[in-house]
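The residues of the chain are indexed from 1 along the displayed sequence.
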Amino acid sequence: MGSSKLLIGAQMDDTTAASAPFDARYLYLAGAPASPAACMSSCTAASSCSNWWGCWQDQNQPPGQYPTWHLQRGAAATWQGGARPQIPVFTYYLWLGASGGSEGSNEVAALNDAAKLGRYLDDWRFLLQRIGNQRAMLHIEPDLWGFLRSTNGDPHAVPAKVGEANPTDCATQDNSAAGLARCMIAMARGYAPNATVGLHASPWLYRSAGDGVAVGNFMRALGADGGDFVVTDPSDRDAGWYEAQGQNRWWDDAAAAAYLAWSKDLAETVDRPTVMWQIPLGNMAQNNTVNHWKDNRVDYLFSHLDEVVDAHVAALLFGAGHGEQTTPETDGGNLVSKTLSNWQAGGTPLR
């Protein structure tokens, strides 16, 4: 990803992005692919076009302006009066909407629907063409590959009508989930050659002995070793929020060490670094109300950066996975302060 030091980034607003030397900034693309396909030519082609990520802007703007703005603001970022571009990161989360809006087995079964998969891969191509030769990071499908693994440990055995859905780009790939993952990576290489790309590895069993290697082998079977990194997510919401729901999702020292050990096994098995994404932003100065939940992951990670890079983590990307969670704008300045301190210390070299 062009850096010899640990990247720090977040999902954040413009003011926060300009308040510290952040390396990256991510956003979600979600929902369903364009329907009808005419939306890819004009955001006014149908009333439904406004629901598609390609038209998440003034409808008079050309389709794809929303990610174009993200690319532009990353390239134009500055710090202390000088140019300091931030890497635009796109989390591509479209298969849930494309498959019918029900997680898990429905998503896996729908891979064998050529019409749905065709719309999905057309959508992926559209994004890649908007990126073109610009720099970006592409994070492909949180949770999907985890649901696949829960269904079948061999992604080559999960049917997907890849060739029929996209004969232009995928004709030489297996008609399987592995063929889909490999085709999406290959499409990124072809249409967006300066972008980096990675699949998502779900850490649902990270405290189980041997799971990092097992997930790594599954990701290799998918083709993750053809990408540039593998993305993981330690939690989708703050521990204080979960505690209010009667669940214990806190990181104690043992849980944090287990997560980093799992990440290291995963990285070494796939032979690619990991990116820790959507890290909850809560901290112990919060009061466990909406947008102000407690958590300890930010403080733990920044106080254990040597262990983070020892685990082959190449980037820490912080963000709220739910509308009620703590954000970089509501955390009392904690993420900004920690990012500044890391930068002032010279950053954290990768290992």
Give the ring-plane orientation class for His139 versus Trp277, where under 30° counts as parallel, over 60° as perpendicular and anything between as tilted.
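Rings of His139 and Trp277: perpendicular, over 60°.
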Over 60° means perpendicular and under 30° means parallel, so tell me whether Trp95 and Tyr120 are parallel, tilted or perpendicular.
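The arrangement is perpendicular - the two ring planes meet at more than 60°.
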Just checking, is any N or O donor in the side chain of [X] or [Y] under 3.5 Å from an acceptor N or O on the other one?
{"X": "Thr348", "Y": "Asn342", "result": "yes"}
{"X": "Thr16", "Y": "Asp13", "result": "yes"}
{"X": "Asp169", "Y": "Tyr191", "result": "yes"}
{"X": "Thr44", "Y": "Gln59", "result": "no"}
{"X": "Ser35", "Y": "Trp52", "result": "no"}
{"X": "Trp53", "Y": "Asp123", "result": "yes"}
{"X": "Asp238", "Y": "Thr326", "result": "yes"}
{"X": "His200", "Y": "Asp143", "result": "no"}

Given salt bridge (charged side-chain N to carboxylate O under 4.0 Å, His left out), test Arg119 with Asp122 step by step and report yes or no.
CA-CA 5 Å; Arg119 281 181 55 206; Asp122 285 349; over 6 Å; no
Which pair of heavy atoms, one from Arg207 and one from Ala255, lies closest together, and at what distance?
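Here Arg207 and Ala255 meet closest at NH1-CB, 3.6 Å.
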Does the [X] side chain pair with the main chain of [Y], one donor and one acceptor, at a distance under 3.5 Å?
{"X": "His70", "Y": "Arg25", "result": "yes"}
{"X": "Asn291", "Y": "Gly323", "result": "yes"}
{"X": "Asn175", "Y": "Gly163", "result": "yes"}
{"X": "Gln57", "Y": "Tyr66", "result": "yes"}
{"X": "Arg297", "Y": "Ser235", "result": "no"}
{"X": "Tyr92", "Y": "Trp124", "result": "yes"}
{"X": "Ser202", "Y": "Trp204", "result": "no"}
{"X": "Thr327", "Y": "Thr330", "result": "yes"}
{"X": "Asn283", "Y": "Asp331", "result": "yes"}
{"X": "Arg84", "Y": "Phe22", "result": "yes"}

Just wondering, do [Y] and [X] contact through their side chains at under 4.5 Å, heavy atoms?
{"X": "Gln65", "Y": "Gln72", "value": "yes"}
{"X": "Gln134", "Y": "Asn194", "value": "no"}
{"X": "Glu107", "Y": "Leu96", "value": "yes"}
{"X": "Val275", "Y": "Val230", "value": "no"}
{"X": "Val298", "Y": "Phe318", "value": "yes"}

Can you get from Leu281 to Tyr26 by hopping between Ile, Leu, Val, Met, Phe, Trp and Tyr side chains that sit under 4.5 Å apart?
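Looking at the clustering, Tyr26 is in a separate group from Leu281.
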In this structure, would Val309 and Met276 fall into the same cluster of hydrophobic residues linked by side-chain contacts under 4.5 Å?
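Yes, same cluster.
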Run the ring-centre check on His304 versus Tyr300 and record whether the distance is less than 6.0 Å.
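Yes, they do, as the ring centres are separated by less than 6.0 Å.
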Sole candidate of Cys39, Cys43, Cys49 that passes disulfide (SG to SG under 2.5 Å) when paired with Cys55
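Only one option passes, and that is Cys43.
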In chain order, what residues pass the salt bridge (charged side-chain N to carboxylate O under 4.0 Å, His left out) check against Lys338, with sequence neighbours excluded?
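Counting only residues at least two positions away or on another chain, Lys338 forms a salt bridge (charged side-chain N to carboxylate O under 4.0 Å, His left out) with Asp299.
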Sequence-distant partners of Asp211, salt bridge (charged side-chain N to carboxylate O under 4.0 Å, His left out), two or more places apart:
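For Asp211 the salt bridge (charged side-chain N to carboxylate O under 4.0 Å, His left out) partners, ignoring immediate neighbours, are Arg149.
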Test side chain to side chain contact (heavy atoms under 4.5 Å, CB included) on Ser176 and Val158; report intermediate values, then the result.
CA-CA 5 Å; Ser176 68; Val158 178; 5.7 Å; no
Out of curiosity, [X] [atom1] to [Y] [atom2], how far, rounded to the nearest 0.5 Å?
{"X": "Trp145", "Y": "Leu148", "atom1": "CH2", "atom2": "CG", "answer": "6.5 Å"}
{"X": "Met184", "Y": "Asn166", "atom1": "CE", "atom2": "CG", "answer": "10.5 Å"}
{"X": "Ile185", "Y": "Ile140", "atom1": "CD1", "atom2": "CD1", "answer": "5.5 Å"}
{"X": "Trp56", "Y": "Leu27", "atom1": "CH2", "atom2": "CG", "answer": "8.5 Å"}
{"X": "Asn248", "Y": "Glu243", "atom1": "CG", "atom2": "CD", "answer": "7.0 Å"}
{"X": "Met137", "Y": "Ile87", "atom1": "CE", "atom2": "CD1", "answer": "6.0 Å"}

Under the side chain to side chain contact (heavy atoms under 4.5 Å, CB included) criterion, do Val197 and Phe90 qualify, and how do the steps go?
CA-CA 10 Å; Val197 60; Phe90 294 94; over 6 Å; no
Extract all donor-acceptor atom pairs below 3.5 Å that involve side chains of residues 214-221 and protein atoms in other chains or at least two apart in sequence.
unit_1, atom_1, unit_2, atom_2, d
Asn217, ND2, Val213, O, 3.4
Arg220, NH1, Thr269, O, 3.2
Arg220, NH1, Val270, O, 3.3
Arg220, NH2, Asp225, OD2, 3.4

Asp310/Lys264 ion pair, N-O < 4.0 Å
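Salt bridge between Asp310 and Lys264, a charged N being under 4.0 Å from a carboxylate O: no.
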Set of ring-ring contact (aromatic ring centres under 6.0 Å, His included) partners for Trp69, sequence neighbours left out
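Scan of Trp69 (ring-ring contact (aromatic ring centres under 6.0 Å, His included), adjacent residues dropped) gives none.
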Can you name the ring-ring contact (aromatic ring centres under 6.0 Å, His included) partners of Tyr206, sequence neighbours left out?
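Tyr206: ring-ring contact (aromatic ring centres under 6.0 Å, His included) contacts with Tyr259.
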Determine whether Asp306 and Arg351 satisfy the following criterion, salt bridge (charged side-chain N to carboxylate O under 4.0 Å, His left out), listing intermediate values before the conclusion.
CA-CA 9 Å; Asp306 284 345; Arg351 298 175 188 171; 3.2 Å; yes
For Ile279, run the side-chain contact (heavy atoms from CB on, under 4.5 Å) check against Leu301, Thr232, Leu317 and tell me which one passes.
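The side-chain contact (heavy atoms from CB on, under 4.5 Å) with Ile279 is passed solely by Leu301 among Leu301, Thr232, Leu317.
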Residues sharing Trp241's hydrophobic cluster, by side-chain heavy-atom contacts under 4.5 Å among ILVMFWY, directly or via others?
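Trp241 clusters with Tyr242, Trp293.
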Worked check of side chain to side chain contact (heavy atoms under 4.5 Å, CB included) between Arg73 and Gln86:
CA-CA 8 Å; Arg73 66 189 182 186; Gln86 295 169 349; over 6 Å; no
With side chain to side chain contact (heavy atoms under 4.5 Å, CB included) as the test, would you mind laying out the steps for Leu305 and Leu316 before giving the verdict?
CA-CA 10 Å; Leu305 289 175; Leu316 298 176; 4.2 Å; yes
Taking it one step at a time, do Lys161 and Asp113 satisfy salt bridge (charged side-chain N to carboxylate O under 4.0 Å, His left out)?
CA-CA 7 Å; Lys161 291 187 176 176; Asp113 185 319; over 6 Å; no
